[in-house]
2 protein chains.
Amino acid sequence: MREKTERIVREWSDSCDAEVSIAVLGGAWKPSILTLLGEHEVLRFGELGRLLQDPTSRVLTRQLRELEEDGLITRTVYRQVPPKVEYRLSELGVSATPLLGELTRWGTQYAEQQRSSLDRVPSPSE
Amino acid sequence: MREKTERIVREWSDSCDAEVSIAVLGGAWKPSILTLLGEHEVLRFGELGRLLQDPTSRVLTRQLRELEEDGLITRTVYRQVPPKVEYRLSELGVSATPLLGELTRWGTQYAEQQRSSLDRVPSPSE
DNA sequence: CAGAATCCATCGTGATACTG
DNA sequence: CAGTATCACGATGGATTCTG
């Protein structure tokens, strides 16, 4: 577990564990990464980068490491030249896919509703 | 909508709308606030503060304003002395309660599993 | 009571350049 | 190919003080 995740797991042990989920799943690219790994089973670092439309490698690396630390994905290194690293969902990661689906569903519904509001009221307060 | 939320709604319109959900629900106290409002129907500013174990009023105010901007809660001001402000879930807020439930369920399960791992391995790498 | 104003430390994201 | 190192910057959370 990441330090941040562990802190939240420890401190908020009582009510609102939703914070835990958000701490683990929240972060640029993370939902997309998990969704892609759910669809493709296994992806290499470069493949992920292309599918995500090129986040900087530093950022992608960080997101992947955090997901690994939190136990959602596994990282397999093939010691060869050029290097090859494969990522896939762990059991824990698989267990999160229904939740990701719900997040996506509600987010989509929310976005559509808000977009239609934007259309009806182009400039909010004039 | 908040500017941040709107940006995400616009830019990520295609895949991963899970980011939208996280943008709206994520943030210190927000899941707790929504859960409490779901349970109590209506709460005043001070009541929320006490139930949340006293975040600073500045932070609580910000979280509430953001939730209001994003359309999840409503704010009712009674112009009287001393002032009285009531918060409750909007329809959109109510629509998010099942999702919050899922977030809480997965978070709880995750936290329990990680805690038991912590017990089995007190110091991770020695 | 329900905040607003000010200030500050930290974090997350990203750009850029370099490497085994 | 799959990173690491360094730097910069805005956003976020919070402490403190003040107010209609």
Side-chain angles (χ1 to χ4, degrees), chain A residues 2-8 11-12 16 19 22-33 37 42-70 73-88, chain B residues 1-8 11-12 16 19 22-33 36-37 42-70 73-88:
Chain A
R2 286 185 296 155
E3 215 184 294
K4 173 181 174 182
T5 307
E6 185 170 341
R7 211 170 48 236
I8 295 177
E11 293 175 7
W12 294 71
C16 227
E19 305 270 10
I22 292 176
V24 174
L25 303 178
W29 315 104
K30 282 187 189 175
S32 305
I33 291 170
L37 287 179
V42 49
L43 286 170
R44 297 180 55 173
F45 182 85
E47 294 175 321
L48 270 167
R50 259 165 274 130
L51 291 169
L52 295 171
Q53 298 172 45
D54 300 300
T56 63
S57 68
R58 179 189 187 279
V59 171
L60 181 53
T61 300
R62 283 191 51 101
Q63 303 299 312
L64 289 168
R65 289 293 153 77
E66 291 181 6
L67 287 171
E68 191 195 0
E69 273 193 78
D70 283 339
I73 65 176
T74 63
R75 177 167 176 267
T76 313
V77 182
Y78 294 86
R79 290 213 117 293
Q80 62 184 43
V81 181
K84 170 178 165 183
V85 179
E86 289 180 348
Y87 294 91
R88 53 198 96 205
Chain B
M1 252 189 313
R2 286 185 296 154
E3 216 184 292
K4 172 181 175 180
T5 308
E6 185 170 341
R7 211 170 48 235
I8 295 177
E11 294 176 7
W12 292 72
C16 225
E19 305 268 8
I22 292 176
V24 174
L25 303 178
W29 313 105
K30 283 186 188 174
S32 304
I33 290 170
L36 284 172
L37 286 178
V42 48
L43 285 170
R44 297 181 55 175
F45 182 86
E47 293 175 321
L48 269 167
R50 259 165 273 129
L51 290 168
L52 296 171
Q53 299 175 44
D54 300 299
T56 63
S57 69
R58 179 189 186 279
V59 171
L60 181 54
T61 300
R62 283 191 51 103
Q63 302 300 310
L64 289 168
R65 288 294 152 77
E66 291 183 4
L67 287 171
E68 190 195 1
E69 272 193 79
D70 283 339
I73 65 175
T74 63
R75 176 165 177 269
T76 314
V77 182
Y78 295 86
R79 290 212 116 295
Q80 60 184 42
V81 181
K84 169 177 164 182
V85 179
E86 288 180 347
Y87 294 92
R88 53 197 97 205

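Going from atom CD1 of A:Ile73 over to atom CG of A:Leu48 covers 8.0 Å, rounded to the nearest 0.5 Å. Taking CZ of B:Arg7 as the start and CE of B:Met1 as the end, the distance is 12.0 Å to the nearest 0.5 Å. Put simply, CG on A:Leu51 and CD1 on A:Ile33 are 11.0 Å apart, with the number rounded to the nearest 0.5 Å. Here the CG-CH2 distance, from B:Leu67 to B:Trp29, works out to 13.5 Å after rounding to the nearest 0.5 Å. The SG atom of A:Cys16 sits 11.0 Å away from the CD1 atom of A:Ile8 when rounded to the nearest 0.5 Å.
Here chain B contacts DNA chain C (any atom closer than 4.0 Å to a heavy atom, that is under 4.0 Å), and the contacts span C:dC1 to C:dC7 from 5' to 3'. From the 5' end on, the contacts that DNA chain D makes with chain B at under 4.0 Å to a non-hydrogen atom open and close at D:dT12 to D:dG20.
Terminal axes of the helix from C:dC1-D:dG20 to C:dG20-D:dC1 (five pairs each, C1' rotation axis) are separated by 50°, to the nearest 10°.
Between A:Pro31 and B:Ile22, the closest heavy-atom pair is CG-CD1, 4.0 Å. Annotation for B:Gly49 and B:Pro55: closest pair O-CD, 3.7 Å, computed over non-hydrogen atoms. The two residues A:Ser32 and B:Glu19 have their closest heavy-atom pair at OG-OE2, 4.1 Å. Closest approach of B:Lys4 to B:Ala23, counting heavy atoms only: CE-CB, 4.4 Å.
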Tabulate below the donor-acceptor pairs under 3.5 Å that side-chain atoms of residues 58-66 of chain A make, not counting sequence neighbours, or state none.
unit_1: A:Thr61; atom_1: OG1; unit_2: A:Ser57; atom_2: O; d: 2.6
unit_1: A:Arg62; atom_1: NH2; unit_2: A:Glu66; atom_2: OE2; d: 3.0
unit_1: A:Glu66; atom_1: OE1; unit_2: A:Arg2; atom_2: NH1; d: 3.1
unit_1: A:Glu66; atom_1: OE1; unit_2: A:Lys30; atom_2: NZ; d: 2.7

Sequence neighbours left out, cut at 3.5 Å: what donor-acceptor pairs do the side chains of residues 74-83 of chain B make with other protein atoms?
unit_1: B:Arg75; atom_1: NE; unit_2: B:Tyr87; atom_2: OH; d: 3.3
unit_1: B:Tyr78; atom_1: OH; unit_2: B:Glu86; atom_2: OE1; d: 3.0

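Note on A:Tyr78: nothing from the nucleic acid sits closer than 4.0 angstrom, heavy atoms only. Counting any heavy atom pair closer than 4.0 Å across all strands shown, A:Arg79 reaches no nucleic acid atom. A:Gly27 comes within 4.0 angstrom of sugar-phosphate atoms only, judged by non-hydrogen atoms across all strands, and of no base.
Contact check of residues 55-68 of chain B against DNA chain C (heavy atom, cut-off under 4.0 Å) returns B:Ser57, B:Arg58, B:Thr61, B:Arg65.
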